[in-house]
*Asks:* 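Here it is, the structure in full.
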Amino acid sequence: LPYTLMYSSGTTGGPPKATACSKKGWRSSNCSPGAFANISDVSERRGVSYLSLSHGADRGIAWHAAFAGGSVGFARGEGNMEGCLADLRELRPTFFLGMATFWTALFQRHVALLRPEVDAALRALSPPSAAFAKAAPQGASSWDALRSAYLTTRTGGSLRKRLLDEARAETGGELLCAVTGGSRTPAEVRDFMHFLLQDGNASSVKDGYGSTEFPGISTNGVVADDVEIRLAPTANGAYGPDDLPNPRGEILVRRRNGEQTSYWNDPVRTGDVWDSDGWFHTGDVGEICWHEKHEPNSCATIKSATGHAWAHRSILHVIDRCAALEEIYLDGDSVWIATQELENDVYGAVPEFAHLMLVSDRNAGDGGLVAIVELSRNEMQLRGGGAMSEIDCLKLLQSRGKAAGKPFHEIPSSCVVEASTPWSERDGLLTVTGKVNRNAVREKYHMRWMKAQQMAATATASASATDCEPVVTSRQATTN
């Protein structure tokens with residue numbers, strides 16, 4: 001019998017699957033070095049549980065505090081951010097593990113407080129600067145550049161420090177270690193996390209990668225000591241371990257001690273993700289970058305028919321999914337949507353669009369799919385004189401989805417539009433063959449589409465609370 005069962009949506013979606021874990025496996029994955037176990041490195045150990053205890057991360061936090069010696073406080077979830085921050089101020093944690101959505105929402109909150117004060121200060125400058133500031137909003141990039149320049153001045157830096165100090169106080173003011181994971185965390189959000197820690201602890205921001213089936217794969221790209229990693233060619237041939245300048249491919253992992261989990265009473269789905277040699281197929285595409293202290297030819301490279309295995313001290317970057325799939329939650333069940341088929345067959349053939357990509361984040365509740373749209377050159381030339389707005393694009397996409405008979409969860413619930421700068425190979429948003437570089441687009445617009453999805457999730461929750469039809473909205477519709 002397993003020691004414990006951890007529920008997961010897995011890489012294939014569908015109803016939650018119980019991951020069976022032995023006692024030895026539980027101790028190995030939850031009481032060994034890694035992102036979650038870093039609480040043992042923190043003095044005056046005070047952790048926080050803000051997710052359901054059915055979530056592997058929060059159950060792990062409770063165990064880590066017990067094994068390392070410390071305390072755990074229970075806070076309200078990020079769905080009630082003000083309540084959550086009030087609890088953090090009272091609990092004063094020294095260690096906090098939050099999902100990427102939590103840190104992103106906290107960063108967005110900080111920016112929402114910072115920008116109005118920066119804008120007011122800019123408009124109060126001397127007449128020449130004020131005249132430029134008044135004209136700058138006509139080009140968002142100019143206005144953003146002016147904001148950035150102001151924050152490098154003494155008065156701007158003082159303003160930024162004051163708001164960062166307030167953000168630090170809101171999380172209790174005593175953080176020594178902050179961990180993120182669950183999905184990709186943008187670099188600007190990770191930088192913001194550094195400011196939330198007590199002085200001298202900026203290096204204690206940990207970006208963890210793993211899953212319920214295989215937790216603790218890497219921290220800040222460094223693969224854990226007890227994990228073997230392998231990159232295998234993807235089925236579509238897009239990535240392979242012989243790629244240059246760095247090897248890429250599907251991330252396969254297994255424990256060096258031979259420990260392996262499985263789906264409880266489900267050998268078929270177990271066989272879908274664990275192969276006969278004990279490798280767990282994550283469904284993620286990774287890229288191996290050699291650590292600056294290690295040369296590629298100094299690491300043992302083992303070739304096989306299905307991929308390569310490398311020494312574990314190289315740096316692992318998760319760059320894509322093996323297939324263009326996005327995960328959402330529908331009535332509590334995980335659903336993986338084949339977005340590329342929808343893009344090609346339903347939403348892509350629109351004259352006003354140059355390119356379109358559908359994205360989602362599984363931790364954003366019922367936020368649904370977000371469409372990232374690059375307008376055509378003709379539409380961009382109409383900017384300010386009739387070009388399609390985000391609301392226009394969303395209405396068009398929703399009408400096409402309904403006309404095609406698609407279920408509501410395959411119809412975008414929000415939209416982000418690029419209306420000024422065409423995508424190109426030069427900026428990395430398109431490949432040499434003119435296709436969308438999905439990873440680059442996802443990263444560039446991450447803050448915008450995450451905000452759009454979170455707003456859509458809030459609108460859906462509000463509609464559910466009042467027994468109304470789900471509200472389908474867009475970022476612009478909720479901010480204008």
Side-chain angles (χ1 to χ4, degrees), residues 13 323-331 335-362 364-423 429 434-436 438 441-442 444-446 448-464 466-480:
L325 301 174
E326 295 291 335
E327 184 182 17
I328 66 169
Y329 279 94
L330 184 63
D331 296 330
V335 177
W336 286 92
I337 300 175
T339 52
Q340 205 157 25
E341 294 180 14
L342 292 174
E343 293 163 5
N344 295 336
D345 301 339
V346 181
Y347 304 116
V350 178
E352 294 84 358
F353 298 169
H355 295 95
L356 175 142
M357 175 177 159
L358 299 174
V359 297
S360 182
D361 188 291
R362 66 178 184 174
D366 296 323
L369 292 174
V370 181
I372 303 177
V373 174
E374 176 207 357
L375 293 180
S376 67
R377 299 294 179 95
N378 289 338
E379 279 294 310
M380 288 187 183
Q381 291 173 359
L382 293 173
R383 188 176 186 187
M388 296 183 72
S389 67
E390 290 183 343
I391 298 176
D392 295 331
C393 290
L394 182 63
K395 288 180 178 179
L396 175 59
L397 292 170
Q398 290 178 341
S399 66
R400 292 178 71 92
K402 292 175 182 177
K406 295 300 178 182
F408 75 91
H409 60 275
E410 293 186 359
I411 298 175
S413 61
S414 50
C415 186
V416 167
V417 171
E418 175 56 74
S420 60
T421 306
W423 297 350
L429 299 182
K435 295 181 179 179
V436 174
R438 305 185 71 87
V441 170
R442 189 182 186 95
K444 177 178 175 62
Y445 299 95
H446 195 285
R448 290 178 63 187
W449 69 258
M450 281 286 289
K451 183 176 182 180
Q453 189 178 41
Q454 289 165 355
M455 288 181 172
T458 300
T460 301
S462 299
S464 299
T466 56
D467 294 326
C468 297
E469 289 296 319
V471 176
V472 181
T473 184
S474 75
R475 184 178 66 86
Q476 185 169 348
T478 55
T479 55
N480 281 358

*Asks:* Do you know the tightest heavy-atom contact between Ser399 and Leu396?
*Replies:*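 Closest approach of Ser399 to Leu396, heavy atoms only: OG-O, 2.7 Å.
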*Asks:* Heavy atoms only: give me the nearest Ala452-Val370 pair and the separation to one decimal.
*Replies:* CB-CG1, 4.4 Å
*Asks:* What's the separation between atom CE in Met357 and atom OH in Tyr347, rounded to the nearest 0.5 Å?
*Replies:*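 Answer rounded to 0.5 Å: 15.5 Å.
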*Asks:* Using the test side-chain contact (heavy atoms from CB on, under 4.5 Å), find all partners of Val346 that sit at least two apart in sequence or belong to another chain.
*Replies:*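 For Val346 the side-chain contact (heavy atoms from CB on, under 4.5 Å) partners, ignoring immediate neighbours, are Leu342, Ala404, Lys406.
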*Asks:* Say whether, by atom type as modelled, one donor and one acceptor occur between the side chain of Arg438 and the main chain of Val359 under 3.5 angstrom.
*Replies:* no
*Asks:* Who passes side-chain hydrogen bond (donor to acceptor under 3.5 Å, both in side chains) against Glu410, sequence neighbours left out?
*Replies:*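 side-chain hydrogen bond (donor to acceptor under 3.5 Å, both in side chains) check on Glu410 returns nothing, list empty.
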*Asks:* Rounded to the nearest 0.5 Å, what separation is found between the OG atom of Ser413 and the CG atom of Leu394?
*Replies:* 7.5 Å
*Asks:* Mind checking salt bridge (charged side-chain N to carboxylate O under 4.0 Å, His left out) for Arg400 and listing every partner two or more places apart, or none if nothing turns up?
*Replies:* none
*Asks:* At what distance, to the nearest 0.5 angstrom, does NE2 of His355 lie from CD of Glu343?
*Replies:* 11.0 Å
*Asks:* Would you give the length of the straight line joining atom OH of Tyr445 to atom CD of Glu374, rounded to the nearest 0.5 angstrom?
*Replies:*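 One finds 7.0 Å between OH of Tyr445 and CD of Glu374.
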*Asks:* How many angstroms lie between atom CG of Leu358 and atom CD1 of Ile411, to the nearest 0.5 angstrom?
*Replies:*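 It comes to 11.5 Å.
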*Asks:* Say whether, by atom type as modelled, one donor and one acceptor occur between the side chain of Glu352 and the main chain of Ser376 under 3.5 angstrom.
*Replies:* no
*Asks:* Mind checking whether Leu356 and Leu397 have side chains closer than 4.5 Å, heavy atoms only?
*Replies:* yes
*Asks:* Would the distance check show the side chain of Ser360 and the main-chain N or O of Gly368 forming a donor-acceptor pair, the cut-off being under 3.5 Å?
*Replies:* yes
*Asks:* What residues, two or more places apart in sequence or in another chain, satisfy salt bridge (charged side-chain N to carboxylate O under 4.0 Å, His left out) together with Glu418?
*Replies:*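 Scan of Glu418 (salt bridge (charged side-chain N to carboxylate O under 4.0 Å, His left out), adjacent residues dropped) gives none.
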*Asks:* Looking only at non-hydrogen atoms, find the nearest pair between Leu375 and Val417 and report the distance.
*Replies:*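 Minimum heavy-atom contact is CG-CG1, 3.7 Å.
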